[in-house]
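On a predicted model such as this, the values are computed, not experimentally measured, just so you know.
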Amino acid sequence: MLMNIKPIETRYAGYRFRSRAEARWAVFMDALGVPWDYEPQGYVIEGIPYLPDFLVYPESRFAFWLEIKGTFPTKEEIGKAQLLAKGTGTTAFVYFGKPEVPAPDLSHITSFEDFMGSPGHIWTDEDGWREYPVRPAQWEIGLPPTAFRLDPSSMMRRPKSGFWWWSDCPHCGRAIIKAAGQVIGCPDLPEDADQPAVHFAHHTPRLLNAYRAARSARFEHGESP
């Protein structure tokens, strides 16, 4: 016989979160100075009510939805988030990774080959056989995926989980979610500025402190830490 188990609602920063995991991610974002709004707007998607968790960087060009899941999301959960992204025109992340550093320090990787993996070959009608990066690279082996990224224009593609990590932009100081923690471009940087080809930005002191704050937060009897 299955037991009826529900997450404990948790109060933090004036909000009542549906799970402690959501509250920990709120602590994480607060430690980084990232603005967020919790359940700001409900929607009806294909006749089903839907209340997204977080809108991060609300009312800005950097806004994105952040759905927190304690386990790997179902197809239905991914599908709803995909429709949310399309309907609102705003990228949505379905994040199922824990509030902890997703990978070790990889700052020693600076070459494109080390990042992409040893080159193989691929046939192209235009150029014939040419070198082509072959994944996985050595640094990827053993790392679990953390999230799905769902773009407003990605409805024709089947969603795929990946290494989506919170990262520190070295140019503007903004904390953002990037593929494998890669921060290459920044809209606040002049177009003619030099940018590194490979730059892992997921293991900075500021991010490490934010993860520690999220993990160590205590929510006794539903109260804020």
Side-chain angles (χ1 to χ4, degrees), residues 12-13 15 17-19 21-45 49-70 72-103 145-189 199-202 204 206-207 210-211 214:
Y12 171 73
Y15 290 88
F17 294 92
R18 297 179 186 274
S19 71
E22 293 174 349
R24 292 195 186 282
W25 280 111
V27 172
F28 173 84
M29 289 187 283
D30 280 348
L32 293 170
V34 173
W36 53 268
D37 199 359
Y38 181 67
E39 295 186 344
Q41 177 64 53
Y43 299 92
V44 176
I45 298 179
Y50 182 33
L51 192 58
D53 293 336
F54 291 98
L55 181 60
V56 184
Y57 290 112
E59 300 180 6
S60 79
R61 58 179 173 158
F62 306 106
F64 61 87
W65 297 104
L66 180 61
E67 279 285 282
I68 300 301
K69 302 298 178 184
F72 195 87
T74 65
K75 291 182 179 180
E76 290 75 16
E77 290 170 334
I78 297 169
K80 284 197 300 182
Q82 194 170 26
L83 291 172
L84 173 71
K86 180 183 179 181
T88 61
T90 301
T91 296
F93 288 93
V94 180
Y95 208 99
F96 51 89
K98 296 180 179 180
E100 58 188 30
V101 186
T146 58
F148 285 83
R149 174 180 168 135
L150 306 163
D151 294 311
S153 60
S154 65
M155 294 298 293
M156 298 303 294
R157 298 192 298 271
R158 182 178 179 181
K160 182 181 179 181
S161 63
F163 305 120
W164 294 100
W165 303 341
W166 280 92
S167 307
D168 246 339
C169 179
H171 309 298
C172 67
R174 189 179 295 108
I176 49 182
I177 299 178
K178 299 290 287 185
Q182 292 294 291
V183 178
I184 298 176
C186 176
D188 293 345
L189 197 66
H199 183 86
F200 286 95
H202 67 286
T204 63
R206 191 166 74 114
L207 282 166
Y211 283 118

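Using a 4.5 Å heavy-atom cutoff, the side chains of Glu77 and Glu67 are not in contact. Side-chain contact between Ile177 and Ser167 is absent, with no heavy-atom pair separated by less than 4.5 Å. Proximity of Leu32 to Leu207: side-chain heavy atoms (C-beta onward) are separated by under 4.5 Å at one or more points.
Shown here are the side chain to side chain contact (heavy atoms under 4.5 Å, CB included) partners of Thr146, two or more places apart in sequence or in another chain: Tyr95, Pro102, Trp164, Trp165. Taking Thr90 as the reference, nothing meets the side-chain hydrogen bond (donor to acceptor under 3.5 Å, both in side chains) condition, with sequence neighbours excluded. Remark: Ala26 pairs with Tyr12, Phe17, Trp36, Phe54 by the side chain to side chain contact (heavy atoms under 4.5 Å, CB included) rule, at least two apart or across chains. For Tyr43, the side chain to side chain contact (heavy atoms under 4.5 Å, CB included) partners are Gln41, Ile45, Pro52, Trp65, Leu84, Thr88, not counting sequence neighbours. Not a single ring-ring contact (aromatic ring centres under 6.0 Å, His included) links Phe163 to another residue, sequence neighbours left out. Under the salt bridge (Lys or Arg N to Asp or Glu O under 4.0 Å) criterion, Glu100 pairs with no residue at all, not counting sequence neighbours. Applying the salt bridge (Lys or Arg N to Asp or Glu O under 4.0 Å) rule to Glu22 yields no partners; only residues at least two apart in sequence or on another chain are considered. Taking Tyr57 as the reference, nothing meets the ring-ring contact (aromatic ring centres under 6.0 Å, His included) condition, with sequence neighbours excluded. When the side chain to side chain contact (heavy atoms under 4.5 Å, CB included) test is applied to Lys80, the partners found at least two apart in sequence or on another chain are Tyr50.
The minimum heavy-atom distance between Ala81 and Val94, with the atom names listed, is CB-CG2, 3.5 Å. Nearest heavy-atom pair across Leu55 and Pro40 is CB-CG, 3.9 Å. Smallest separation of non-hydrogen atoms from Ala214 and Pro99: CB-CB, 4.1 Å. In terms of heavy-atom proximity, Pro73 sits nearest to Phe148 at CG-CE1, 3.7 Å. Scanning all heavy atoms of the two residues, the minimum distance from Thr91 to Pro152 falls at OG1-CD, 3.8 Å. Asp53 approaches Leu66 most closely through the heavy-atom pair CB-O, 3.3 Å.
Taking SG from Cys172 and CZ from Phe62, the interatomic distance works out to 6.5 Å, rounded to the nearest 0.5 Å. Annotation: the span from Asp151 atom CG to Gln82 atom CD amounts to 9.5 Å, rounded to 0.5 Å.
The backbone N or O of Gly173 lies less than 3.5 Å from a partner atom in the side chain of Arg206, making a donor-acceptor pair.
Tyr211 and Phe28 have tilted rings, their planes meeting at an angle from 30° to 60° on a 0 to 90° scale.
Sorted by first then second residue, the salt bridge (Lys or Arg N to Asp or Glu O under 4.0 Å) pairs that include residues 30-43, not counting sequence neighbours, are Arg18-Glu39.
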